[in-house]
Student: 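This is the structure I want to talk about, given as structure tokens.
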Amino acid sequence: MDSIQILFPIFPIVLLTHFHTLTNAMILRESIKSKELDGRWLKYMPSWQVIPDNVQSSRELYKNLHQAPLIFYCYCILAFTVGHVTLFTLALAWLYTAFRIIHFIIRSTNPKLSRRAPIFQVAFMASLALWLELLIHISR
């Protein structure tokens with residue numbers, strides 16, 4: 001199997017991150033325009049400022065999009081570098097990507113942890129399986 005295939009599952013998550021970066025900026029802009037949020041908050045982020053729920057939710061999703069997939073990106077690049085891409089690892093990589101997208105949709109539309117936690121856990125387990133499989137491969 002061509003090793004470059006393992007890099008393709010990265011792109012949907014990166015595009016989703018860019019999409020939400022723009023969305024987050026628009027939410028902040030609208031909150032400042034409507035006076036729900038003091039514009040000085042962007043510079044200093046003082047603890048006294050009450051942050052509207054939609055802004056806080058968007059910020060948390062933004063942070064999550066930059067934190068959680070980082071080790072997945074590292075895995076894909078490392079698997080590509082060592083040339084270890086199998087049908088199994090490719091399927092798990094796409095599974096991870098699909099569940100991160102589903103997690104994004106659920107988190108965007110419903111803030112309840114009980115709805116998104118199982119989806120996050122599947123993505124986490126896929127990532128863990130990928131890393132363990134790669135560790136076994138390079139240990140041989």
Side-chain angles (χ1 to χ4, degrees):
M1 178 163 286
D2 188 6
S3 293
I4 204 158
Q5 294 296 317
I6 199 66
L7 299 178
F8 289 107
I10 293 173
F11 290 96
I13 301 173
V14 170
L15 292 174
L16 192 62
T17 302
H18 286 296
F19 168 76
H20 187 68
T21 300
L22 294 173
T23 303
N24 188 55
M26 289 188 297
I27 289 170
L28 284 168
R29 183 176 292 124
E30 288 303 314
S31 292
I32 291 168
K33 254 182 167 176
S34 69
K35 306 284 190 215
E36 288 180 277
L37 186 64
D38 186 335
R40 294 176 296 174
W41 177 81
L42 292 172
K43 185 173 182 180
Y44 303 110
M45 295 189 179
S47 58
W48 54 260
Q49 174 72 48
V50 176
I51 303 168
D53 288 343
N54 66 329
V55 172
Q56 185 62 33
S57 178
S58 181
R59 288 182 70 232
E60 290 302 317
L61 182 51
Y62 178 80
K63 289 189 288 186
N64 188 260
L65 282 167
H66 282 85
Q67 294 167 349
L70 187 59
I71 60 172
F72 175 70
Y73 300 153
C74 291
Y75 164 81
C76 290
I77 293 167
L78 186 58
F80 171 73
T81 303
V82 299
H84 180 64
V85 178
T86 65
L87 188 56
F88 175 71
T89 58
L90 198 54
L92 277 179
W94 279 109
L95 178 76
Y96 177 87
T97 297
F99 275 82
R100 289 301 302 163
I101 291 169
I102 293 167
H103 180 267
F104 173 86
I105 293 166
I106 291 171
R107 186 166 185 147
S108 297
T109 59
N110 187 331
K112 290 185 180 181
L113 181 62
S114 61
R115 293 221 186 241
R116 67 180 193 261
I119 303 301
F120 182 85
Q121 290 168 348
V122 171
F124 173 81
M125 295 305 289
S127 176
L128 180 62
L130 286 167
W131 278 102
L132 290 174
E133 200 273 341
L134 184 61
L135 176 64
I136 291 166
H137 171 75
I138 61 176
S139 295
R140 291 182 185 170

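Values reported hereafter were calculated over all heavy atoms of this structure, with side chains retained and with hydrogens, waters and symmetry mates removed. The residues of the chain are indexed from 1 along the displayed sequence.
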Student: For T86, what residues pass the side chain to side chain donor-acceptor pair (under 3.5 Å) criterion, not counting sequence neighbours?
Tutor: T89
Student: Which residue pairs pass the salt bridge (charged side-chain N to carboxylate O under 4.0 Å, His left out) test when at least one of the two sits in residues 50-66, sequence neighbours left out?
Tutor: E60-K63
Student: Of the non-hydrogen atoms in F80 and S3, which two are nearest, and what is the gap between them?
Tutor: CD1-O, 3.5 Å
Student: Mind checking who shares a hydrophobic cluster with M26, ILVMFWY linked at side-chain heavy-atom distances under 4.5 Å?
Tutor: none
Student: Between NE2 of H18 and OG1 of T23, what distance do you get to the nearest 0.5 Å?
Tutor: 12.5 Å
Student: Would you please name every residue forming a ring-ring contact (aromatic ring centres under 6.0 Å, His included) with F104, sequence neighbours left out?
Tutor: H20
Student: To which residues is L22 joined in a hydrophobic cluster, defined by side-chain heavy-atom contacts under 4.5 Å among Ile, Leu, Val, Met, Phe, Trp and Tyr, whether direct or through other members?
Tutor: none
Student: My understanding is that only residues two or more places apart in sequence, or in another chain, count here; which of them pass ring-ring contact (aromatic ring centres under 6.0 Å, His included) with H66?
Tutor: Y62
Student: Decide if atom OH of Y73 counts as having more than 12 heavy atoms of other residues, nucleotides or ligands within a radius under 6.0 Å.
Tutor: yes
Student: Quick check: are there more than 12 heavy atoms from other residues, nucleotides or ligands sitting under 6.0 Å from CE of M1?
Tutor: yes
Student: Kindly give the heavy-atom pair with the smallest separation between C76 and L7, and that separation in Å.
Tutor: O-CD2, 3.9 Å
Student: F72: which residues meet the ring-ring contact (aromatic ring centres under 6.0 Å, His included) condition with it, sequence neighbours left out?
Tutor: Y96
Student: Report the distance from atom OG of S31 to atom CG of D38, rounding to the nearest 0.5 Å.
Tutor: 12.0 Å
Student: Roughly how far, to the nearest 0.5 Å, is CG of L70 from CG of L65?
Tutor: 12.5 Å
Student: Side chain to side chain donor-acceptor pair (under 3.5 Å) with S34: which residues, sequence neighbours excluded?
Tutor: E36
Student: Nearest 0.5 Å, please: how far is CD1 in I106 from CD1 in I101?
Tutor: 12.5 Å
Student: Show every side-chain hydrogen bond (donor to acceptor under 3.5 Å, both in side chains) that has at least one partner inside residues 108-125, sequence neighbours left out.
Tutor: none
Student: Under the ring pair (Phe, Tyr, Trp, His ring centres under 6.0 Å) definition, can you give me all pairs with a residue in residues 114-140, not counting sequence neighbours?
Tutor: Y75-W131, H84-H137, H103-F120
